[in-house]
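Presented below is the structure to which this report refers.
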Amino acid sequence: MLRTGILLVATLACAGHSWGDTGDNGDKGDEGDKDGQGHPWWMHAVFYEIYPRSFADSNDDGVGDLRGIAGKMAYLRELGVDAVWLTPCFPSPQVDFGYDVSNYQDIDPMYGTLADFDSMVAKGRQERIKIILDLVVNHTSDRHPWFLDSQSSRTAVHRDWYIWRDGKSSKQPPNNWVSLFGGSAWAFDPTTEQYYYHYFYAQQPDLNWRAPAVESAMLDVTRWWYQRGVAGFRLDAVDRLFESPALADNPVLPGRNKLGDVVEDEKYNRALPEIHGVLKKLRRQADQANAVLVGETWTDTMEQLKQYYGDHGDELQMPMDFMFATVNQLSPHAFRRQIAAVEASGGWPVYVLGNHDMVRSYDRYGDGRHNDAIAKLMAAFYLTLRGTPILYYGEEIGMENNDPKRKEDVKDPVGRRGWPAEKGRDGERTPMQWNGNVNAGFSKVPPWLPVPPSYAGHDVAAQRKDPDSILNLYKKVLALRHANPAIREGAYVAVNEDDANVLSYLRAFSGKTVLVALNMSAARRTVTFDLSRNGLRSPHLKPLLVTQHARAEGSRVQLNPFSVFIAQVNWRDSVASGPRYRQNRP
Ligand code: NOJ
């Protein structure tokens with residue numbers, strides 16, 4: 001599978017809060033697109049990623065479509081979702097399943113029509129669900145008219161829309177840059193006897209963002225979709241927009257990747273500073289449309305991630321924190337560190353557990369014995385953090401990866417090239433499991449990818465009926481998050497920071513405090529909370545949501561393996577200055 005290895009690579013100002021009343025969590029909720037505190041809609045929205053090929057198949061052809069998605073808006077509302085990110089549904093030869101766009105202003109017939117798109121947006125509006133699209137900004141399909149023209153002659157109008165260079169010598173590409181999807185990042189084109197650059201597949205030539213016409217064409221595309229009711233974009237591969245014009249060789253590091261290529265320090269073709277100029281322009285346009293920009297921002301450090309917000313908060317509102325997404329171990333210490341780093345950065349955190357390029361979180365965190373309990377634990381975790389969460393479809397029912405067993409079954413070209421070390425991304429893209437019928441109720445015909453044998457039970461119909469299901473846990477946590485201002489926007493304060501097994505934190509807002517305790521271990525744990533240093537004397541913990549019979553006796557909480565304890569903290573306020581929080585440990 002394309003794993004991260006390949007893809008990559010407060011002090012709380014509480015003094016001013018009015019404390020004391022510890023009653024219910026009544027809240028007026030969002031008014032229009034801003035909440036009572038004037039926060040923009042996306043800060044309190046719950047996002048949900050849909051891979052359109054695999055979500056809902058309305059015409060039983062084995063591939064999902066927009067009418068299918070429109071038909072599931074009520075399900076998404078019931079779940080507690082406020083915005084949907086659709087991976088690309090534009091016309092495409094589907095070499096990279098839509099990430100090779102041949103027309104940015106239409107819908108691929110496989111998914112429907114623009115009229116279907118408009119109906120889906122209208123259906124979403126009825127259910128108060130916004131739609132955001134995936135903008136493939138770095139590259140187009142090699143079938144896009146822009147590229148076809150660019151390729152036709154050295155003097156074509158669109159020639160400089162892509163990156164063309166002479167080889168170093170005959171049969172030698174311009175430099176040593178390697179494609180993420182295998183082999184040289186340069187393809188020779190016999191028509192004009194030059195190489196073009198493609199960081200991904202050869203069928204995905206990179207746009208040349210140094211050409212002003214490229215920038216204005218892309219800005220036009222975003223404007224066009226905003227006018228159609230789109231509430232924002234997820235920007236694909238933003239760190240790849242620019243390449244150093246000198247095209248110097250990248251330094252080569254030791255070892256080979258799973259595709260057999262040398263590993264490089266991508267000094268000259270990743271995260272160049274010019275990116276930020278483009279992001280600022282996209283943001284200006286987004287602001288005019290009250291829209292949000294989410295970024296596919298793979299970074300190695302918090303310092304790098306911070307840059308994507310812009311020095312003045314004028315770039316991406318929601319750069320995804322993949323360092324959180326890839327902790328990949330149930331380690332309270334590792335999670336505390338990452339959360340504290342994001343909190344300290346000043347940016348609004350964006351938490352993700354999985355997506356269409358990563359092994360499903362069910363498999364990454366599951367221990368093989370307690371996977372369902374762990375899936376609930378992880379949900380209760382990232383959905384109660386301060387920040388905007390993005391769910392990946394199927395996570396809410398505990399869908400697992402279904403990796404191909406034979407090379408001939410692999411659909412993702414990366415998997416065909418890298419087999420067997422790299423099986424590709426098919427496993428995490430299988431059809432949504434709607435019920436226990438054949439093909440999990442996704443389609444009457446065999447779907448484009450098979451559902452895993454384990455689907456029955458991990459399906460929406462079955463889990464709706466089971467009060468203790470993963471799905472019902474997601475619904476309860478999301479309902480709590482929407483209703484409870486402390487969880488939705490309260491300050492995050494780590495507590496019991498030395499505990500290696502139980503991750504605990506407070507969420508505090510305007511006189512309301514919630515405690516979250518998560519047992520990340522397979523053993524029973526008892527945790528005592530001394531919140532006096534937080535100004536909360538003799539706290540009484542009133543459970544709001546628990547799993548596995550977790551319970552409190554005074555300030556002691558008993559946690560069964562992988563259980564969750566979320567409680568309202570009520571206290572007798574005997575501290576003259578009111579509650580205080582010390583700074584989260586960085
Ligand atoms: C990132 C997308 O998430 C991935 O699926 C795609 O293959 C590459 N960008 C290329 O567009």
Side-chain angles (χ1 to χ4, degrees), residues 1-9 47 49-55 85-102 104 108 132-144 147 162 178-183 185 187 197-207 209 218 233-241 257-259 266 269-271 275 293-299 308 316 318-322 325-326 350 352-360 390 392-393 401 410-418 422-430 448-449:
M1 259 138 281
L2 200 69
R3 298 296 162 264
T4 53
I6 294 184
L7 262 182
L8 302 177
V9 228
F47 283 63
E49 177 190 352
I50 288 182
Y51 199 68
R53 294 181 78 90
S54 296
F55 192 62
W85 148 34
L86 295 185
T87 64
C89 50
F90 314 107
S92 160
Q94 305 288 329
V95 172
D96 191 15
F97 303 111
Y99 281 97
D100 46 325
V101 179
S102 55
Y104 287 89
D108 193 293
I132 76 159
L133 292 180
D134 205 318
L135 193 65
V136 188
V137 269
N138 175 67
H139 49 270
T140 67
S141 159
D142 63 344
R143 305 285 90 202
H144 195 295
F147 187 74
Y162 296 85
V178 169
S179 158
L180 181 71
F181 291 161
Y197 174 64
H198 58 92
Y199 182 69
F200 298 98
Y201 296 123
Q203 295 87 343
Q204 295 169 295
D206 273 52
L207 284 161
W209 275 86
M218 278 297 179
F233 291 95
R234 174 261 190 189
L235 302 178
D236 186 62
V238 271
D239 56 344
R240 301 287 163 187
L241 291 192
N257 64 25
K258 284 191 184 169
L259 298 177
E266 296 176 315
N269 60 343
R270 182 182 172 202
I275 293 169
L293 297 177
V294 180
E296 191 205 13
T297 38
W298 288 95
T299 62
Y308 285 108
L316 303 179
M318 288 179 47
M320 292 189 230
D321 178 1
F322 283 107
T326 55
V350 181
V352 188
L353 281 187
N355 67 29
H356 62 284
D357 296 325
M358 294 163 71
V359 172
R360 282 188 173 270
I390 308 180
Y392 182 46
Y393 83 93
N401 256 65
V410 178
K411 299 281 192 312
D412 183 8
V414 169
R416 291 205 294 270
R417 189 180 179 116
E422 169 57 59
K423 293 191 168 69
R425 299 164 290 181
D426 294 353
E428 51 263 36
R429 298 173 173 180
T430 59
W448 76 288
L449 288 173

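Computed from heavy atoms alone, side chains included, the values below leave out hydrogens, waters and symmetry copies. Both counts, for ligands and for their atoms, begin at 1 and track the order of listing.
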As an exercise, identify every atom of ligand 1 less than 4.0 angstrom from a heavy atom of [X].
| X | answer |
| --- | --- |
| Asp96 | 6 (C), 7 (O), 8 (C), 10 (C), 11 (O) |
| Arg425 | 4 (C), 5 (O), 6 (C), 7 (O) |
| Asp357 | 1 (C), 2 (C), 3 (O), 4 (C), 5 (O) |
| Arg429 | 5 (O) |
| His356 | 2 (C), 3 (O), 4 (C), 5 (O) |
| His139 | 10 (C), 11 (O) |

What distance separates Glu428 CD from Tyr393 OH, expressed to the nearest 0.5 Å?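 The CD atom of Glu428 sits 9.0 Å away from the OH atom of Tyr393.
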Which value, rounded to the nearest 0.5 Å, describes the distance between Leu86 atom CG and Phe55 atom CZ?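 The distance works out to 9.5 Å.
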Report the part of Arg234 (side chain from C-beta onward, or backbone N, CA, C, O) that has a heavy atom under 4.0 Å from ligand 1; answer both or neither where that applies.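 Looking at Arg234 and ligand 1, just side chain atoms fall under 4.0 Å.
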Examine ligand 1 and decide if any of its atoms is less than 4.0 Å from a heavy atom belonging to Phe181.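 Phe181: in contact with ligand 1 (<4.0 Å).
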Under a 3.5 Å distance rule, please check whether Ser54 uses its side chain to pair with a backbone N or O of Arg429 as donor and acceptor.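 The answer is yes, because a donor-acceptor pair under 3.5 Å joins these two groups.
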Could you give me the CA-CA distance, side-chain angles and deciding distance for Asp239 and Tyr308, then say whether side-chain hydrogen bond (donor to acceptor under 3.5 Å, both in side chains) is met? CA-CA 9 Å; Asp239 56 344; Tyr308 285 108; 5.2 Å; no
Parallel, tilted or perpendicular: ring planes of His144 versus Tyr104, cut at 30 and 60 degrees: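 The rings of His144 and Tyr104 sit tilted, inter-plane angle from 30° to 60°.
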Describe, in one word, how the ring planes of Tyr99 and His356 are oriented to each other, choosing from parallel (under 30°), tilted (30 to 60°) and perpendicular (over 60°).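 Geometry flag for His356 against Tyr99: parallel rings.
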